[in-house]
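This report refers to the structure that appears directly beneath it.
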Amino acid sequence: MGDWKRTHDCGSLRADEDGKESVLMGWVNSRRDLGNLIFIDLRDRDGITQIVFDPQVDGESHERAHALRNEWVIAVKGTVSPRLKGQENFSMPTGSIELKVTGLKILNRTETPPFQVDGAVDASETLRLKYRYLELRRPQVFSVFLKRHRISVCIREFLNGKGFMEVETPFLTKSTPEGARDYLVPSRVNRGLFYALPQSPQLFKQLLMIGGFERYYQIVRCFRDEDLRADRQPEFTQVDLEMAFVNEDGVMAVFEEMMGKLFREIMDRAIPFPIKRMEFHEAMDRFGTDRPDMRFGMELIDLTDIAVKSDFRVFKDVIEDGGVVKAITVKNGGPAFSRKKLDELSALAVESGARGLAWIKVNEDGWQSSLKKFFKDEDKNGLNEKSGAGPGDLILIVAHKRRVANESLGVLRLKVARRMELIPVSAYEFVWITKFPLLEYDETEKRLQAVHHPFTAPVEEDIHLLDDQPEKVRARAYDLVLNGTEIGGGSIRIHVPAVQEKMLSILGISPEQAKVKFGFLLEALKYGAPPHGGMALGFDRLVAIMAGVNSIREVIAFPKTTSATCLLTGAPSGVDEAQLKELGLRTDS
RNA sequence: GGGGACGUAGUUCAGUUCUGGUUAGAACGCCGGCCUGUCACGCCGGAGGUCGCGAGUUCGAGUCUCGUCGUCCCCGCCA
């Protein structure tokens, strides 16, 4: 670079800077070598400026510019000039000017890149991840990370303004038995013992409340050793917060206001306030899921009272067993679903627990359906009416226990909506889901498990059910759902030691085990724990939705593959025998 | 742990099934030459292949079979 000093960014020059001396630095985005005239699109993170090498302006630079290639790093000195009339490029912000080069410094050359940074054909994700730094040069990719940054700044500003303070909590911490599989870190100083990387700072933030900090937050990495998905990475970022002396409304109000600010400032959109709330049971009944996508209708309809009047054995048996007959109505779905596509839906229903899928195509002249002969005409009309179905519509019906019928129709509802493109892509629909069950029975482990986590407080009026009907107890937990994605969740915590001990015993954790695993929390609760609660937001998921990308890999600078490897660094990798020995570890492979 | 899709020049793909058979093609990129207003510059020429890897069937395999590795999607799992 010598004594050259960059004076402008590549996206900033405009016609009113005519005649200015300027020094630009960046990467060669593309070149058009016409022989005597050489045009280079110079790119930095701010934008692209066309620079011109003209032998009549500077012969030496022009001569050397023939050698320039894509992705070389250069610095140019020159004069900002308006482009010739008719030669402006109105599709680029700097398209009315160009830089007439009077001096060129080549700062670095490059090997031929494995894929084109500015190319018509895109490379596979495998290659893009291996050379992630090249992909990060792409303006669209950079803009995602700029947006991520702005979102985190916005969140910090908001929480700081509300009296929250950021506190760091340990990464090398204690393994906890509940929840996801832990990433373990061996201790050299304490041979044979392990730290665990935190699945979330849950217990520490509760300790901070007991420590009297009252309002804590942290934008923090969390680690879970579970199988990956498009929206799951082994390490991911949460906006974690906790408040003392609040109830559900207190926590939810903070989050709603924060979401309002985020969408206003980053997306330039107003979101309706307050955000809708729906109890867990209502969500399951109406949408068949605890994270309903509210951008479209097609709600679940209960047809049990009509189905019971039919002669269809399957329906009657299910209803006698206490089950339900439920349906979704697909507007104009008749022509859209061929026999083959209906078979696919049926397979999907079976996969999600149903025993089968019944369907009715409502036509001008009546039903087209295998159920036709089982229903009286008046009941057919009644069913049509209750389903809101008219000619051309399709009714999909599942009969089963309430939970299974709901869940499989929930899956079908999404599938159908996607296939029929019923989901408005630029809509953002928030909903709170509240009062989740506190506990559920785990068939494989043959014991009760906490739905949220073992520190979630039960709804006061349900506490008396804890002993006899624990699965009926509702939790003071809430999830924030955006466009069918759970972007955050939290709860009011247990702050009374006796209740916490009771909870652990219901989970099948003996007092001795509890002392070993959670003793520090149980003890802390004894020393004046304030009522408290909080929430954690899946930051990567939120950014992905706000940036309009499909996978959280797109919003993480150096993400891992679905087999939890890093294609860039090659992690995880073997280590020296000496390192293992020092840690007292042996591997069996 | 289970199911599915994909793997062929540097890159993105075609060729692969029904039907194994001469020298594996295209586009973009790369290299060389020409070109004074380009912006997907244009024109001429050129190089570039362990058909993911391994075994099998066959006179002969990119193509068929089995195994294996990798990437992606889904189920389980993710308090």
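Here is the naming used below: chain letters follow the sequence lines, and residue numbers restart at 1 for every chain.
- Between Arg32(A) and Gln50(A), the side chains place a donor N or O and an acceptor N or O closer than 3.5 Å (distance only, hydrogens not considered).
- The side chain of Glu226(A) sits closest to C78(B) out of U71(B), C78(B), C72(B).
- For the residue pair His453(A) and Arg493(A), a side-chain donor N or O sits within less than 3.5 Å of a side-chain acceptor on the partner.
- In this structure, Ser91(A) reaches neither bases nor backbone, as no heavy-atom distance under 4.0 Å exists between it and the strands shown.
- Of the nucleotides present, none pairs with C77(B) by Watson-Crick or G-U wobble criteria with both distances under 3.5 Å.
- No hydrogens or angles were tested; on distance alone, nothing pairs the side chain of Glu111(A) with the base of G10(B) as donor and acceptor under 3.5 Å.
- The separation between Asp442(A) atom CG and C78(B) atom C1' is 13 Å, rounded to whole Å.
- Looking at the side chain of Arg553(A), the nearest of the listed nucleotides C73(B), U71(B), U36(B) is C73(B).
- Counting any heavy atom pair closer than 4.0 Å across all strands shown, Thr565(A) reaches sugar-phosphate atoms only and no base atom.
- Which of C39(B), C74(B), U11(B) sits closest to the side chain of Ala123(A) comes down to U11(B).
- Proximity note for Pro114(A) (side chain, C-beta onward) versus C77(B), G10(B), G37(B): the nearest is G10(B).
- Atom OH in Tyr183(A) sits roughly 12 Å away from atom C1' in C78(B) (whole-Å rounding).
- Rounded to whole Å, the separation between the P atoms of A27(B) and C43(B) comes to 11 Å.
- The nearest whole Å value for the distance from the CD atom in Gln199(A) to the P atom in C77(B) is 16 Å.
- Contact annotation: Thr561(A) side-chain N/O to U71(B) OP1/OP2 distance is under 4.0 Å.
- To the nearest whole angstrom, the two P atoms, one in U16(B) and one in G1(B), are 35 Å apart.
- Across all strands shown, G4(B) is found opposite C72(B) as a Watson-Crick or G-U wobble partner, with both distances under 3.5 Å.
- Within the 4.0 angstrom heavy-atom criterion, base atoms lie near Glu98(A).
- The same atom, P, is picked in C18(B) and in G10(B); the two are 29 Å apart, to the nearest Å.
- Between the CG atom of Leu414(A) and the C1' atom of C74(B) there is a distance of 14 Å, given to the nearest Å.
- A gap of 31 Å separates the P atoms of C74(B) and U63(B), to the nearest Å.
- Under 3.5 Å, the side chains of Glu135(A) and Tyr133(A) contain no donor-acceptor pair of N or O atoms.
- Going from the P atom of C31(B) to that of G70(B) covers 35 Å, rounded to whole Å.
- For the residue pair Gln233(A) and Asp540(A), no side-chain donor N or O sits within less than 3.5 Å of a side-chain acceptor on the partner.
- Among the protein residues, Leu228(A) comes within range of no part of the nucleic acid, since none of its heavy atoms lies under 4.0 Å from any strand.
- One donor-acceptor pair, N or O on each side, does fall under 3.5 Å between the base of G37(B) and the side chain of Lys100(A).
- Phe39(A) qualifies as a stacking partner of the U38(B) base, centre to centre under 5.5 Å and near-parallel within 30°.
- Taking only side-chain nitrogens and oxygens, Arg229(A) comes nearer than 4.0 Å to OP1 or OP2 of C75(B).
- Side-chain atoms of His62(A) and Asp54(A) form no donor-acceptor pair, as typed in the model, at a separation below 3.5 Å.
- With rounding to whole Å, Leu567(A) atom CG is found 11 Å from C72(B) atom C1'.
- Nearest nucleotide to the side chain of Ser30(A), out of U71(B), C41(B), C77(B): C41(B).
- Side-chain atoms of Arg69(A) lie closest to C31(B) of the nucleotides G37(B), C31(B), C77(B).
- Listed by first and then second residue, the side chain to side chain donor-acceptor pair (under 3.5 Å) pairs involving residues 77-88 of chain A are Glu21(A)-Thr79(A) (not counting sequence neighbours).
- Taking a cutoff of 4.0 Å between a charged side-chain nitrogen and a carboxylate oxygen, Glu486(A) and Arg291(A) do not qualify as a salt bridge.
- Out of C31(B), C77(B), U71(B), the shortest distance to the side chain of Arg31(A) is found at C31(B).
- With hydrogens and angles ignored, no donor-acceptor pair closer than 3.5 Å exists between the side chain of Asp227(A) and the base of C77(B).
- The separation of U58(B) from A14(B), taken at their P atoms, amounts to 32 Å, rounded to a whole angstrom.
- With hydrogens and angles ignored, no donor-acceptor pair under 3.5 angstrom links the side chain of Arg224(A) to the base of C78(B).
- For C64(B), the paired nucleotide is G56(B), the pair qualifying as Watson-Crick or G-U wobble because both relevant distances are below 3.5 Å.
- Each of Arg181(A) and Glu88(A) was matched to the nucleotide of RNA chain B holding its nearest heavy atom; the match closer to the 5' end belongs to Glu88(A).
- As judged by a 4.0 angstrom heavy-atom cut-off over every strand, Glu351(A) is placed among residues making no nucleic acid contact.
- Straight-line distance between the C1' atoms of G54(B) and C59(B): roughly 23 Å, to the nearest whole Å.
- Base contact: Gln56(A) has a heavy atom under 4.0 Å from a base atom.
- Both Ser563(A) and Val451(A) lie near RNA chain B, and the one whose nearest nucleotide falls closer to the 5' end is Ser563(A).
- Taking only side-chain atoms of Arg32(A), from C-beta outward, the nucleotide of U71(B), U12(B), C39(B) with the closest atom is C39(B).
- Using modelled atom types, one finds no donor on one side chain facing an acceptor on the other under 3.5 Å when comparing Asp58(A) with Thr102(A).
- In this model, the phosphate group of U12(B) is approached by a side-chain N or O of Ser124(A) to a distance below 4.0 Å at OP1 or OP2.
- Nearest to the side-chain atoms of Gln87(A) among the listed nucleotides C72(B), C39(B), C74(B) stands C39(B).
- Gln218(A) and Thr169(A) form a side-chain donor-acceptor contact under 3.5 Å, judged by distance and modelled atom types alone.
- A salt bridge is defined here as a Lys NZ or Arg NE, NH1 or NH2 lying under 4.0 Å from an Asp or Glu carboxylate O, and Asp240(A) with Lys205(A) meets this definition.
- Base engagement by Asp33(A) is indicated by at least one non-hydrogen atom pair under 4.0 Å involving a base atom.
- With hydrogens and angles left out, the side chain of Arg83(A) and the base of C39(B) share a donor-acceptor pair within 3.5 Å.
- One cannot find a donor-acceptor pair under 3.5 Å joining the base of G29(B) and the side-chain atoms of Asn70(A).
- Comparing G46(B) with C51(B), their P atoms sit 25 Å apart, to the nearest whole Å.
- Pairing for U17(B) is absent, with no Watson-Crick or G-U wobble pair whose two atom distances lie under 3.5 Å.
- Rounded to a whole Å, the CD atom of Glu554(A) is 10 Å from the P atom of C73(B).
- Here U38(B) presents its P atom at 18 Å from CZ of Phe53(A), a figure rounded to the nearest Å.
- Atom CZ of Arg138(A) is separated from atom C1' of U11(B) by 11 Å (rounded to the nearest Å).
- In the set C30(B), G37(B), C78(B), G37(B) carries the atom at the smallest distance from any side-chain atom of Leu84(A).
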